[in-house]
**Student:** 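So that we are looking at the same thing, I have put the structure below in structure tokens.
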Amino acid sequence: MEKINIRRAFYSPWCMGLVLATSLWSCNSAQKVAEEKPTKPNIIYIYADDLGYGELGVYGQSKIKTPHLDQMAKEGIVFTNHYSSSPVCAPARCGLLTGKHTGKGYIRGNLPVLPASFSDEVENGQQPIPETSFTLGHLMQQAGYKTAAIGKWGLGMTGNVGAPNKQGFDYFYGYLDQRQAHNFYPTHLWENTEWDSLSNPYIFVHTPSASGSKGNAQALGDFKLRDLKYGDEGYFDAYQGEEYSIDKMTEKATKFIKENKDEPFFLYLPYTIPHVSLQVPDEALEQYLGQFEEEPYLGQQGYAPHEFPKSAYAAMISYLDQEVGKVFALLEDLGLDENTLVIFSSDNGPTFNGGVDAVYFESTAGLRGLKMDLYEGGIRMPMIARWPGKVAPGSTTDHISVQYDVMATLADLTEQQVKGQTDGLSFLPAMLQEEDQPNHEFLYFEYPEKGGQLAVRMGKWKGVKTDLKKNPGKEWELFDLDADPAEQMDLASKNPEVIKQLDDIVKREHESPAFDQWNFVDKMLESKMN
């Protein structure tokens, strides 16, 4: 058999034409397949910690600079009626990740695994979510996504069923125990199930007091042999370290994005900032020094002291903004910008302790209440969504939504079924400004701490009950949020039909909790029957 000269055959006129035609057909076919095959969007959900409704420029903040988040709003959509699932950390995260409101969710308060401790030696974390939970991580894995959670978890520890690697996340980096997250210069963070040591001494951020007793002396290597008091050299410096945990989170987040740029990914990025303690690198602090009238905070309300508390708080929010800007810059550099949906929100309202002055910064934009309150200031949150080419730039929506809607929204976006039930509704149509957006009949909130509280939002109406553990027969307060967003005028006595609807919703939506200390609603309902 005559051997074929491959080079000559390839360059013969007939073969050249055949190869060219075949190549053109192949290219056109590949292009057609690529055009027909939908590209799954990457999804990044960024979660601030204790950031108030009024603490971003786009929501009216004038003292604190947030240029990147304000630019995100210009390029995306701003939600003005968006809510957390709860006014504190763990149940807010449980609602977000499982799609259940706090009348049905497993975690309804901040409940540590005992013994509770701030030390490295005893790090037990909070009560873990059950092994049977279906989380956003599971949903996105089901949709074919690589998943990561980077930041604060608070729903279980390595070694138990609540650990993030057992709850749908391929990769985890950050704090597992919320108590550890009170210190921005920890000795370690967790990478999956491994302890990742940082170049920081052990800093105990809960010891200081105005009297200057002990201070942080026993918690620092360099200051181990002497007590630190206000006025001592190094008193404030003792609460800073070498490696800032926020920097480590951004480092790991950008690494995850780079490593998964060629496949769809879901990144849950719950930063721990601006939750106290007031700790921020000096270079970030400098932009605010001299702008505010300051008195040193000495730890009277818990957490670490700071010489310039207002500047430190403003700098922490601007630092968060800076890190968000880094994420956007990376997406643009990698060519992922137009195929990535980014959502930004916060877990609950601004805090009342640790040297934070929420009144001075108008942190709730005039809304009543703070963290730990079911009034608007504790649970109404900023939310911005950006997705170039899909979300109209500079848009705003007053659609009433809540973080337990995120499960339904991502299921809608990725055409997945939620395993089990969700209390949420997809807000994807509102985000894309489509006309077929379904509306909630109501939003439901239970909060067992700070005396036991209930809240229901139903259209313009908002019902609130407080101090229910001591007074289970307490009546509803009722507010018309359209006319009275600051919840100052109680209209309950004039609207008995609305009050009856609220009572019916509680009876229908409340399920007995897993832990007895959260069981105030059962007792309230029993008292009404007697």
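In this chain, residues are counted from 1 in sequence order.
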**Student:** Testing the 3.5 Å rule here: is there a donor-acceptor pair between the side chains of Asp405 and His82?
**Tutor:**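 Checked: Asp405/His82 side chains show no N/O donor-acceptor pair below 3.5 Å.
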**Student:** Testing the 3.5 Å rule here: is there a donor-acceptor pair between the side chains of Glu477 and Tyr375?
**Tutor:**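 Side chains of Glu477 and Tyr375: pair found under 3.5 Å.
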**Student:** Considering residues, nucleotides and ligands other than Lys507, do more than 12 of their heavy atoms fall under 6.0 Å from its NZ?
**Tutor:**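 For Lys507, atom NZ is not crowded (no more than 12 foreign heavy atoms under 6.0 Å).
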**Student:** Where do Leu69 and Ile384 come nearest, in terms of heavy atoms and distance?
**Tutor:**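 Reported closest heavy-atom pair: O-CD1, 3.7 Å.
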**Student:** If I compare all heavy atoms of Ala315 with all of Ala284, which pair ends up nearest, and what's the gap?
**Tutor:**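 For Ala315 and Ala284, the tightest heavy-atom pair comes out as CB-O, 3.5 Å.
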**Student:** Going by side-chain hydrogen bond (donor to acceptor under 3.5 Å, both in side chains), name the pairs with one or both residues in residues 83-97, residues two or more places apart or in two chains.
**Tutor:**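 Sorted result for residues 83-97: Tyr83-Glu376, Tyr83-Arg457, Arg93-Asp347.
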**Student:** Lys146: what forms a salt bridge (Lys or Arg N to Asp or Glu O under 4.0 Å) with it, not counting sequence neighbours?
**Tutor:**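 Per chain and number, Lys146 pairs via salt bridge (Lys or Arg N to Asp or Glu O under 4.0 Å) with no residue.
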**Student:** Do NZ/NE/NH1/NH2 and the carboxylate oxygens of Lys523 and Glu526 come within less than 4.0 Å?
**Tutor:**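 No.
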**Student:** Run Thr272 and Asp49 through side-chain hydrogen bond (donor to acceptor under 3.5 Å, both in side chains) and show every step you take.
**Tutor:** CA-CA 5 Å; Thr272 56; Asp49 198 342; 5.7 Å; no
**Student:** Determine, stepwise, if the pair Ile273 / Ile317 fulfils side-chain contact (heavy atoms from CB on, under 4.5 Å).
**Tutor:** CA-CA 7 Å; Ile273 204 166; Ile317 293 175; over 6 Å; no
**Student:** Is Trp476 close to Lys462 at the side-chain level, that is, under 4.5 Å between some pair of heavy atoms?
**Tutor:**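 When only atoms from C-beta onward are counted, Trp476 and Lys462 do not touch, as no gap falls below 4.5 Å.
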**Student:** Begin from the C-alpha positions of Thr422 and Lys100 and carry the test side-chain hydrogen bond (donor to acceptor under 3.5 Å, both in side chains) through to its verdict.
**Tutor:** CA-CA 6 Å; Thr422 174; Lys100 294 182 182 296; over 6 Å; no
**Student:** Any salt bridge (charged side-chain N to carboxylate O under 4.0 Å, His left out) involving residues 165-191? Give me the pairs, sequence neighbours left out, ordered by first then second residue.
**Tutor:**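 Matches after skipping sequence neighbours: Glu191-Lys252.
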**Student:** Under the criterion ring-ring contact (aromatic ring centres under 6.0 Å, His included), which of Phe169, Tyr173, Tyr47, Tyr175 is the partner of Trp153?
**Tutor:**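 It is Phe169; the other options fail the test.
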**Student:** Determine whether the side chains of Lys474 and Thr466 contain a donor N or O and an acceptor N or O closer than 3.5 Å.
**Tutor:**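 Side chains of Lys474 and Thr466: pair found under 3.5 Å.
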**Student:** Going by atom types alone, do His510 and Asp522 pair a side-chain donor with an acceptor below 3.5 Å?
**Tutor:**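 Checked: His510/Asp522 side chains pair up, N/O donor to acceptor below 3.5 Å.
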**Student:** Do any N or O atoms from the side chain of Gln488 and from the backbone of Ala486 form a donor-acceptor pair under 3.5 angstrom?
**Tutor:**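 At least one qualifying donor-acceptor pair exists.
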**Student:** Is Gln301 atom CD crowded by more than 12 heavy atoms from other residues, nucleotides or ligands, each under 6.0 Å away?
**Tutor:**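 Enclosed.
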**Student:** Between His306 and Gln240, is any side-chain donor less than 3.5 angstrom from a side-chain acceptor?
**Tutor:**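 Judged by distance alone, the side chains do not pair up.
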**Student:** Return the set of residues passing salt bridge (Lys or Arg N to Asp or Glu O under 4.0 Å) with Asp50 (not counting sequence neighbours), or none when no residue passes.
**Tutor:**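 Partners of Asp50 under the salt bridge (Lys or Arg N to Asp or Glu O under 4.0 Å) test: Lys371.
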**Student:** Taking all heavy atoms of Leu425 and all of Thr409, pick out the closest pair and write down the distance.
**Tutor:**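 Smallest heavy-atom distance, with atoms named: O-OG1, 4.0 Å.
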**Student:** Please work out which of the three classes, parallel, tilted or perpendicular, describes the rings of Tyr185 and Tyr244, given edges at 30° and 60°.
**Tutor:**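 Rings of Tyr244 and Tyr185: tilted, 30 to 60°.
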**Student:** Enumerate the side-chain hydrogen bond (donor to acceptor under 3.5 Å, both in side chains) contacts for residues 105-114, please, sequence neighbours excluded, ordered by first and then second residue.
**Tutor:**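 Qualifying pairs: Arg108-Glu446, Asn110-Gln178.
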**Student:** Evaluate the side-chain proximity of Leu341 to Asn42: yes if any heavy-atom separation is below 4.5 Å, no if none is.
**Tutor:**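 No. Closest side-chain heavy atoms not under 4.5 Å.
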**Student:** Can you confirm whether Val88 sits close enough to Pro91 that some side-chain heavy atom of one is under 4.5 Å from a side-chain heavy atom of the other?
**Tutor:**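 Of all side-chain heavy-atom pairs linking Pro91 with Val88, at least one is under 4.5 Å.
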**Student:** Using the side-chain contact (heavy atoms from CB on, under 4.5 Å) rule, take His440 and Val402 through it: C-alpha gap first, then chi angles, then the decisive distance, then the call.
**Tutor:** CA-CA 10 Å; His440 281 280; Val402 64; 4.2 Å; yes
**Student:** Could you check if a side-chain atom of Arg508 sits within less than 4.5 angstrom of a side-chain atom of Phe442, using non-hydrogen atoms only?
**Tutor:**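 Yes. Closest side-chain heavy atoms under 4.5 Å.
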**Student:** Does a sphere of radius 6.0 Å around CD in Glu362 hold more than 12 heavy atoms from other residues, nucleotides or ligands, not counting ones at 6.0 Å or beyond?
**Tutor:**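 Open.
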**Student:** For the side chain of Gln300 and the backbone of Leu298, is there at least one donor-acceptor N/O pair under 3.5 Å apart?
**Tutor:**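 It does hold such a pair.
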**Student:** Whether the side chain of Thr147 engages the backbone of Gly137 through a donor-acceptor N/O pair (distance < 3.5 Å, no angle test) should be reported.
**Tutor:**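 Side chain of Thr147 to backbone of Gly137, a donor-acceptor pair under 3.5 Å: no, none is there.
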**Student:** Dump the intermediate steps for side-chain hydrogen bond (donor to acceptor under 3.5 Å, both in side chains) on Gln403 and Ser345, then the final yes or no.
**Tutor:** CA-CA 9 Å; Gln403 287 169 9; Ser345 193; 3.1 Å; yes
**Student:** Side chains of Pro201 and Ile203: closer than 4.5 Å at any heavy-atom pair?
**Tutor:**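 Touching, per the 4.5 Å side-chain cut-off.
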**Student:** Locate the shortest heavy-atom distance separating Gln279 from Val205; write the atom from each residue and the value.
**Tutor:**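 It is NE2-CG1, 4.0 Å.
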**Student:** May I ask you to decide if the ring planes of Phe236 and Tyr230 are parallel, tilted or perpendicular, using 30° and 60° as cut-offs?
**Tutor:**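 Ring orientation, 0 to 90° scale: perpendicular.
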**Student:** Does a side-chain heavy-atom distance below 4.5 Å link Asn353 with Val276?
**Tutor:**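 Answer yes - side chains close enough.
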**Student:** Any non-hydrogen side-chain atom of Met524 less than 4.5 Å from a side-chain atom of Val506?
**Tutor:**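 The answer is yes; the side chains approach within 4.5 Å.
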**Student:** With under 30° as parallel and over 60° as perpendicular, where do the rings of His182 and Phe118 fit, or are they tilted in between?
**Tutor:**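 Judged by the thresholds at 30° and 60°, the geometry between His182 and Phe118 is tilted.
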**Student:** Is there a side-chain contact (heavy atoms from CB on, under 4.5 Å) between Gln453 and Phe445? Walk through the geometry before answering.
**Tutor:** CA-CA 8 Å; Gln453 304 171 50; Phe445 308 89; over 6 Å; no
**Student:** With rounding to the nearest 0.5 angstrom, report the CG to OG distance, Leu443 to Ser401.
**Tutor:**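 Here the rounded value is 8.0 Å.
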**Student:** Would you name the heavy atoms of Pro186 and Asn200 that are closest together and state the gap between them?
**Tutor:**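 Taking every non-hydrogen atom into account, O-ND2, 2.8 Å.
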**Student:** If you compare all heavy atoms of Gln167 against all heavy atoms of Glu131, which two are closest, and at what distance to 0.1 Å?
**Tutor:**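 Smallest interatomic distance, heavy atoms only, reads NE2-CA, 4.1 Å.
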**Student:** Take Tyr447 and Asp373, measure what side-chain contact (heavy atoms from CB on, under 4.5 Å) needs, and give me the verdict at the end.
**Tutor:** CA-CA 8 Å; Tyr447 179 50; Asp373 292 319; over 6 Å; no
**Student:** Under the rule for salt bridge (Lys or Arg N to Asp or Glu O under 4.0 Å), what residues qualify as partners of Glu55, not counting sequence neighbours?
**Tutor:**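 Not a single residue meets the salt bridge (Lys or Arg N to Asp or Glu O under 4.0 Å) criterion with Glu55.
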**Student:** Could you tell me if the side chain of Gln180 sits less than 4.5 Å from the side chain of Leu189, heavy atoms only?
**Tutor:**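 No. Closest side-chain heavy atoms not under 4.5 Å.
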**Student:** Using the ring of each side chain (for Trp, its six-membered ring), is Tyr404 parallel, tilted or perpendicular to His101, with breaks at 30° and 60°?
**Tutor:**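 Geometry flag for His101 against Tyr404: perpendicular rings.
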**Student:** Step by step, would you call His206 with Tyr303 a ring-ring contact (aromatic ring centres under 6.0 Å, His included)?
**Tutor:** CA-CA 5 Å; His206 291 277; Tyr303 299 95; 4.9 Å; yes
**Student:** Just checking, is any N or O donor in the side chain of Gln61 or Thr66 under 3.5 Å from an acceptor N or O on the other one?
**Tutor:**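 No, Thr66 and Gln61 have no side-chain donor paired with an acceptor closer than 3.5 Å.
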**Student:** Can you find a side-chain donor-acceptor pair between Ser133 and Thr135 that sits under 3.5 Å?
**Tutor:**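 There is no such pair (donor and acceptor under 3.5 Å, judged by atom type) between the side chains of Ser133 and Thr135.
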